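Structure record follows, encoded as structure tokens.
Only a predicted model underlies this, so the values are computations on that prediction, with no experimental measurement involved. In what follows, chains are A, B, ... by sequence order, proteins preceding strands, each numbered from 1.
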Amino acid sequence: MSEKIQSLRGMPDILPADAPLWQHLEDTAAAVLRRYGYARISTPILESTALFTRSIGAATDIVEKEMYTFADRHEESISMRPEGTASVVRAMLQHGLLQTPGQKVWYQGPMFRYERPQRGRMRQFHQIGAEVFGLAGPDIDAELIAMSARLWSELGILGQLRLELNSLGSPAERRQYRSQLHDWLAQHRDSLDEDSQRRLDTNPMRILDSKNPAMQALIEAAPKLSAALGDDSRRHFEQLTGMLDAMGIAWQHNQRLVRGLDYYTHTVFEWVTDDLGAQGTVCAGGRYDGLVALHGGPEVPGVGFAMGEERLVELLGQQQRDFGQRPDIYLIIADPQLQAEALALNERLRDALPGRIVLSNLAGGSLRAQFKRADRSQAQIALVLGSQEWAAGEITVKWLRSERAQTSVSLAQLADWLQQNMPNN
RNA sequence: GUGGGCGUAGCUCAGUGGUAGAGCACCGCGUUGUGGCCGCGGCGGUCGUGGGUUCAAUCCCCAUCGUCCACCCCA
């Protein structure tokens, strides 16, 4: 007796029942991205481990303990991508696509992080992301954020989200603030909780967004990041917020928003909801001006974001909308002798009505059983083909979702008749 | 990696130290050419797995795996 094999922990199947939600999200996102001039890029799931350690930061949790890393058959260390930006930068650079400024690309696909699963956090999860290269000004930051806001609005979830915004300044300013913060926190080491003491030397800025209530007073008293910004950084941020205001996009300045990845500079932002439990960030991004150079490329600035599809799908699922597409026609075969004729008839209908969903009853069954299946399929119309109809060159049309009277239509005119009589939905 | 909750039918869950039930779903019949509502019948479980206590364990104990939620981290 063999044991049943199950899917790996944290790697869920996405079942047909949820497919319409995913399809709606991905279709909507693709359409919005297209309207802003983004082209799709697809990169491999496996990359050199060094790509991620270099860009995400060797001291981050993602690289330290969450990557799926292993040696391939030639003992090269390879990793499954934990996020999308590093791969996109690599691909753009590798193919010389950064020569012209203003490249806009987007991607969609699975990412992998070895974490303990919980609501909104899986080991295999999916992101849709957008990246823009070669534009340094706040205008593209603003357009990028506006594009995300438009997507939320088209998905009907804008009201559940709030935009949090911050500036990390230039790499130099960020570095300087980091050490200033570290020194200040080190003086208060005794007031830090266990987690924060551990973070003090590895990633002191992360202490700022600690959830521990006992830490809040200390965090309030700590030196502010905004005070460490130079004139250029401050102007970038002010121009960005001015543009957001002009576009009517509400935002909040969250000085504790520091983001997890090492490569961010200047603008960082998150779209957050209270409707998903502890993992409320639905989309996050920012500017990464040093990243391309870090990978041996020219000094090309970049900015982008990534959204978590699982989290957005859950949000969409909370609204009781129906994204599924229902069949239009279900063909009932009243006489088993007519199976071949029935299949041929439906092929002709599919030729004539390309926009319609046309089902054939398969595997026989009593008329009663076939009607039951037709009803359950949610089809608008049941067609009944039996020996009586066949002899007369007709077919029976029965409306399943309305009280319209059952009728007979000649087979020769069936496609035209359906065209004229079936409502478009 | 840490803490807590939960594992009984496809799903949601009851239940008892003497090897199990409901609702929904599914199949059939009531109508030998008509679905939905209703009625009747049926299919379906090694009670997560392994060990221990006991005459006897789905129930008690231990371990293990899975799952959910939170911490951490992050989309």
Ignoring hydrogens and angles, does a donor from either the side chain of Q279(A) or the base of C69(B) sit under 3.5 Å from an acceptor on the other? no
Are E173(A) and S233(A) close enough, and set up right, to give a side-chain hydrogen bond (donor to acceptor under 3.5 Å, both in side chains), and what steps lead you there? CA-CA 9 Å; E173(A) 289 159 357; S233(A) 295; 2.5 Å; yes
Between R119(A) and A70(B), is there a side-chain N or O to OP1/OP2 distance below 4.0 Å? no
To the nearest Å, give me how far apart CZ (R116(A)) and P (G4(B)) are. 11 Å
When you look at W390(A) and L411(A), which way does the side-chain contact (heavy atoms from CB on, under 4.5 Å) test go after all the steps? CA-CA 9 Å; W390(A) 188 250; L411(A) 283 169; 3.9 Å; yes
Does OP1 or OP2 of C73(B) have a side-chain N or O of R199(A) closer than 4.0 Å? yes
Spacing of the C1' atoms in G4(B) and G52(B) (rounded, Å): 26 Å
Report, as a single string ordered 5' to 3', how protein heavy atoms within less than 4.0 Å touch nucleotides 25-36 of chain B: B base, S sugar-phosphate only, - not at all. -SSSBB--BBBB
Sidechain-backbone polar pair: D375(A) side chain, Q378(A) backbone, donor-acceptor under 3.5 Å: no
Between G23(B) and C40(B) - P atom distance, rounded Å: 10 Å
If we take the C1' atom in both A9(B) and U58(B), what is their distance in whole Å? 14 Å
Does I128(A) form a side-chain contact (heavy atoms from CB on, under 4.5 Å) with L33(A)? I'd like the steps, not just the answer. CA-CA 10 Å; I128(A) 298 172; L33(A) 285 155; 4.2 Å; yes
How far does the P atom of G39(B) sit from the matching atom of U46(B), given to the nearest Å? 30 Å
Hey, could you give me the CH2/OG distance between W417(A) and S408(A), rounded to the nearest 0.5 Å? 10.0 Å
Please state the P separation for the pair U16(B) and C73(B) - nearest whole angstrom. 44 Å
For residues T273(A) and Q160(A), report the shortest heavy-atom separation together with the two atoms involved. OG1-O, 3.2 Å
From the list V292(A), L294(A), V300(A), side-chain contact (heavy atoms from CB on, under 4.5 Å) with V89(A) holds only for V292(A)
Verify the contact: side-chain N or O of Q118(A) to OP1 or OP2 of A70(B), cut-off strictly under 4.0 Å; return yes or no. yes
Taking all non-hydrogen atoms of both residues into account, name the closest pair between A228(A) and Q180(A) and its distance. CB-OE1, 4.4 Å
Given the rule that a pair is Watson-Crick or G-U wobble with both distances under 3.5 Å, how would you write RNA chain B in dot-bracket, using | for pairs to a different strand? (((((((..((((....[..)))).(((((.......))))).....(((((..]....))))))))))))....
Please tell me whether H266(A) and Y288(A) form a close aromatic pair, meaning their ring centres lie under 6.0 Å apart. no
Please give, in whole Å, the distance from A75(B) C1' to I56(A) CD1? 13 Å
Tell me if the CZ atom of R404(A) is crowded by more than 12 foreign heavy atoms within 6.0 Å. yes
Counting only heavy atoms not in Y114(A) (residues, nucleotides, ligands), do more than 12 fall under 6.0 Å from its OH? no
Could you work out the separation of U19(B) and C62(B) based on their C1' atoms and round it to a whole Å? 22 Å
Please list residues of residues 281-291 of chain A whose heavy atoms come under 4.0 Å from any atom in RNA chain B, ordered by number; otherwise none. T281(A), V282(A), C283(A), A284(A)
Of K65(A) and R123(A), the one whose closest nucleotide on RNA chain B sits nearer the 5' end is K65(A)
C6(B) versus C61(B) - spacing of their P atoms, nearest Å: 12 Å
Using modelled atom types and a 3.5 Å cut-off, is there a donor and acceptor pairing between side-chain atoms of E164(A) and backbone atoms of E270(A)? no
Any donor-acceptor pair under 3.5 Å joining the side chain of R121(A) to the base of C73(B)? yes
RNA chain B: 5'-proximal contact among N212(A) and M11(A) (nearest heavy atom): M11(A)
Using the C1' atom in both, what is the distance from U31(B) to C38(B), to the nearest Å? 14 Å
